Amino acid sequence: MSKHCIFCSIISGDLPCIEVFQDKDFIAIMDKYPISRGHTLVLPKKHYVTLLQMPSTEVGRLYSLASVIAKAVVSATGADGFNMGQNNGTSANQIVPHVHVHLVPRFKGDSPDGRWPARTVASNEALDSIAQKIKGLLEITEQNSNFG
Ligand SMILES: [Zn+2]
């Protein structure tokens, strides 16, 4: 837990977030500045700056959970595809120094020039409504809950 980390503050409840899932080790929240509708972040509750600090078994659990959340994000948004990405270090465009996996739904024609769509500022109402939809579609079962 790092005092000045925005994600640690969210995890401890000191800062608000719009959550789609959490268990004892991981949390999934809506990105406040989404690249697209439904842009979700999946992160370990423990503070690791980059993936290199994280034990590989935990990385496996993080990605296992991210794939389950991605399925619900894609269904909830009706996306045609999605990007799953994770930046390590400022030279790799990591903005918050706490490991997080981006799930970015993509829609046909959302990037005519081949670049990332620009980030937007989403209203809490918009984030909340898509989060409710994602939560409703999450299929966390005994079989696939070993990330928790
Ligand atoms: Zn942190």
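Each ligand, and each atom within it, is numbered from 1 in the order the structure gives. No hydrogens, no waters, no symmetry mates; every other heavy atom, side chains included, goes into these values. Owing to the predicted nature of the structure, the values given are computational and were not obtained by experimental measurement.
- Of all the N, O or S atoms in His98, the one closest to the Zn ion (ligand 1) is ND1.
- Checked against the Zn ion (ligand 1), the N, O or S atom of His47 at the shortest distance is ND1.
- The backbone N or O of Tyr33 lies less than 3.5 Å from a partner atom in the side chain of Arg119, making a donor-acceptor pair.
- Without hydrogens or angle criteria, Gln53 side chain to Val49 main chain gives a donor-acceptor distance under 3.5 Å.
- Results of the side-chain contact (heavy atoms from CB on, under 4.5 Å) test with Val104 over Met84, His39, Arg37 single out His39 as the only residue that passes.
- In this structure, His100 has its ring center no closer than 6.0 Å to that of His98.
- When SG of Cys8 and SG of Cys5 are joined through the Zn ion (ligand 1), the resulting angle is 120° to the nearest 10°.
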